[in-house]
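Numbers here are sequence positions counted from 1. Keep in mind that this is a model prediction, so the values were computed, not measured.
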Amino acid sequence: MKRPGTPQPDPAAFIQANLPISPVPSIPEIRLHTAGPASGLWRLAGRREAEPPPYWAYPWAGGAVLARHLLDRPEMVSGRRVLDLGAGSGLVAIAAAKAGAATVTALDIDANAIAAIGLNAAINSVNIVAWAADVIEDQPPATDLLVVGDLFYDPSLALRVMAFLRRCQAAGIEVLIGDPERAYLPQGELSRIATHAVADFGGGSTGGGAVPAGVFALCGKAEGEIMPEDPAATA
C-alpha cells in the first residue's frame, strides 16, 4: 500500500513513464497507453497492489467493440456530436474522432482517466474534450450520439445508467452500447446491430483473449422485462 505522506504522482507523467504505448488488439488503427505487469498502477491510485487495476488502463471489450464498429461504419458519426460516457482510456472517443465526428466529448468520474484520455488522444492525433464528471442523474447532454461501453458490470449502476439512457433517447439522442453481454446488460431493452470478436481484459485474465461482443441500440423495454436489482436476482 502507498505509505502515508507519500506525494501523489502526477497522473500524466506517471502514465507516460509506466504505461507503454501499444496498438489495441483487433483495432490496430488506435494506439493507447496500456498497463502491463510492471506498471505499478497501485502507486498512482494509492491502493493495495493486489486490488484490480482501474478501467482506464486497459481497452475493455465493450469499448473495443464500439470502437471497431465506428471505424468500420464512419457514417454513424461523420459530422455529428458524440459523447463517450464512462470513457475510460478514451478508446471509443478516439475511434469516433478518427471516423469523422464533428466534436467528441469524453466523460469519466476518474480524474486519472481524464489524464489518460488526453495522452491517448495526442498519440492518435485527434481532438477530444475530456471532463471528470458524473452526469447520469442529470438532464440529457447536448449531443447527437451517446456511446456507452462496459457500464453494465454492477446491478445498481446498470439501473442508473439505463434510466439516464432512456431520458437521452426521449430527448432525441441516439444511443449505442458496447458490451460482451455481462450479467446486468438489459438485453430485453436493446437491439443488437453488430457483433465483433475483440479482446476482453475484463474476463479475469490480463491476456485479454478474444470474445464476441455486441453493439446494441436502445429500443423499447420488452413486455415483462425486469432489470435485476441485486446479484441474487440473476443467480
Quiz item: Can you name the closest pair of heavy atoms from Asp108 and Gly86 and give their distance?
Solution: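 Closest heavy-atom pair between Asp108 and Gly86: OD2-C, 3.5 Å.
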
Practice problem: Kindly give the heavy-atom pair with the smallest separation between Ala115 and Ala12, and that separation in Å. | Solution: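 Taking Ala115 first and Ala12 second, the nearest heavy atoms are CB-N, 4.1 Å.
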
Quiz item: What's the spacing between Leu32 CG and Tyr58 OH if we round to 0.5 Å?
Solution: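 Between Leu32 CG and Tyr58 OH, I get 13.0 Å after rounding to 0.5 Å.
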
Quiz item: Quick one: CD1 on Ile173 to CG on Leu83, what's the gap to the nearest 0.5 Å?
Solution: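 The CD1 atom of Ile173 sits 8.0 Å away from the CG atom of Leu83.
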
Quiz prompt | Chi angles and distances behind the side-chain contact (heavy atoms from CB on, under 4.5 Å) call for Leu71, Ile30 | solution = CA-CA 10 Å; Leu71 288 169; Ile30 295 177; 4.0 Å; yes

Practice problem: Check whether more than 12 heavy atoms from other residues, nucleotides or ligands sit under 6.0 Å from atom CG of Asn127, and answer yes or no. | Solution: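 Check fails, neighbour count at 12 or below.
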
Practice problem: Look at the side-chain heavy atoms of Ile, Leu, Val, Met, Phe, Trp and Tyr, link any pair under 4.5 Å apart, and say whether Ile21 and Ile128 land in one connected group. | Solution: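 No, separate clusters.
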
Quiz item: Do Val135 and Ile109 belong together in a cluster built from hydrophobic side chains that touch within less than 4.5 Å?
Solution: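 Hydrophobic grouping puts Val135 apart from Ile109.
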
Practice problem: May I ask you to decide if the ring planes of Tyr153 and Tyr55 are parallel, tilted or perpendicular, using 30° and 60° as cut-offs? | Solution: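 Because their plane-to-plane angle lies in the 30° to 60° range, the rings of Tyr153 and Tyr55 count as tilted.
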
Exercise. Measure the shortest side-chain to side-chain distance between Glu29 and Arg68 over non-hydrogen atoms and say whether it is less than 4.5 angstrom.
Key: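 Glu29 vs Arg68: side chains touch.
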
Self-check item: For Pro180, the option from Val65, Leu185, Asp200 that meets side-chain contact (heavy atoms from CB on, under 4.5 Å)
Solution: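 With Pro180 as partner, side-chain contact (heavy atoms from CB on, under 4.5 Å) holds for just one option, Asp200.
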
Self-check item: Polar side chain donor-acceptor pair, Asn18 to Arg43, under 3.5 angstrom
Solution: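 Looking only at side-chain atoms, Arg43 and Asn18 do form a donor-acceptor pair, the distance falling under 3.5 Å.
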
